[in-house]
Amino acid sequence: MLDIFAWIVLIVMVLSTVAVVVFLAMLPGRIAKKRNHPWAAAVTVAGWVTLFIGFALWPVVLIWAYVDVPHTPRGETAR
């Protein structure tokens with residue numbers, strides 16, 4: 001009976017870890033889309049790419065999701 005309980009605990013731990021990792025990968029993209037970020041698609045892709053590099057640049061992607069670049073008309077430069 002104890003072996004079955006140990007397997008159940010192990011499976012729950014693995015599934016919850018996977019769920020948290022997927023949630024963290026999706027978070028910057030969702031924030032960018034909600035805030036109408038001009039490069040929301042790029043932020044979404046960058047959030048998923050960080051899975052392959054061990055979330056090393058994930059804080060940068062999260063900050064990028066919150067930072068909006070001001071739109072300027074063509075031909076003008078930002079001040």
Side-chain angles (χ1 to χ4, degrees):
M1 188 67 181
L2 196 56
D3 289 338
I4 294 171
F5 178 72
W7 276 105
I8 291 172
V9 169
L10 181 65
I11 290 170
V12 168
M13 288 179 61
V14 168
L15 291 178
S16 63
T17 302
V18 169
V20 167
V21 168
V22 168
F23 174 76
L24 288 176
M26 291 172 40
L27 185 64
R30 285 187 177 189
I31 291 170
K33 287 177 186 173
K34 184 177 177 183
R35 295 175 52 87
N36 294 324
H37 195 280
W39 296 304
V43 173
T44 303
V45 170
W48 284 102
V49 167
T50 58
L51 282 176
F52 300 110
I53 57 175
F55 284 101
L57 296 175
W58 186 82
V60 174
V61 175
L62 188 63
I63 292 169
W64 187 23
Y66 279 104
V67 174
D68 291 334
V69 177
H71 294 284
T72 57
R74 290 184 178 241
E76 293 184 20
T77 59
R79 294 181 194 183

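All residue numbers refer to positions in the sequence shown, counting from 1. None of these values were measured; they are calculated from a predicted model.
- A search for side-chain contact (heavy atoms from CB on, under 4.5 Å) contacts involving A41 returns nothing, not counting sequence neighbours.
- Within the structure, every pair that satisfies the salt bridge (charged side-chain N to carboxylate O under 4.0 Å, His left out) test and touches residues 31-49, not counting sequence neighbours, is listed here: R35-D68.
- Residues satisfying the side-chain contact (heavy atoms from CB on, under 4.5 Å) criterion with V22, sequence neighbours excluded, are V18, M26, W48.
- Between the side chain of H37 and the main chain of W64, a donor-acceptor pair closer than 3.5 Å is present.
- Residues passing the salt bridge (Lys or Arg N to Asp or Glu O under 4.0 Å) test with R30, sequence neighbours excluded: none.
- The structure places CH2 of W58 at 10.0 Å from CD1 of I63, a figure rounded to the nearest 0.5 Å.
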May I have the list of side-chain donor-acceptor pairs in residues 1-15 shorter than 3.5 Å, sequence neighbours left out?
none

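- V45 and V61 sit in two unconnected hydrophobic clusters of ILVMFWY residues. Membership requires side-chain heavy atoms under 4.5 Å apart, directly or through other members.
- The two residues A65 and P28 have their closest heavy-atom pair at CB-O, 3.4 Å.
- Applying the side-chain contact (heavy atoms from CB on, under 4.5 Å) criterion to V20, with sequence neighbours excluded, gives L24.
- From L62, atom CG reaches atom CG of L57 across 12.5 Å, with rounding to the nearest 0.5 Å.
- No continuous path of hydrophobic side-chain contacts links L51 to V43 [ILVMFWY only; heavy atoms under 4.5 Å].
- Within 6.0 Å of OH in Y66 there are 12 or fewer heavy atoms belonging to other residues, nucleotides or ligands.
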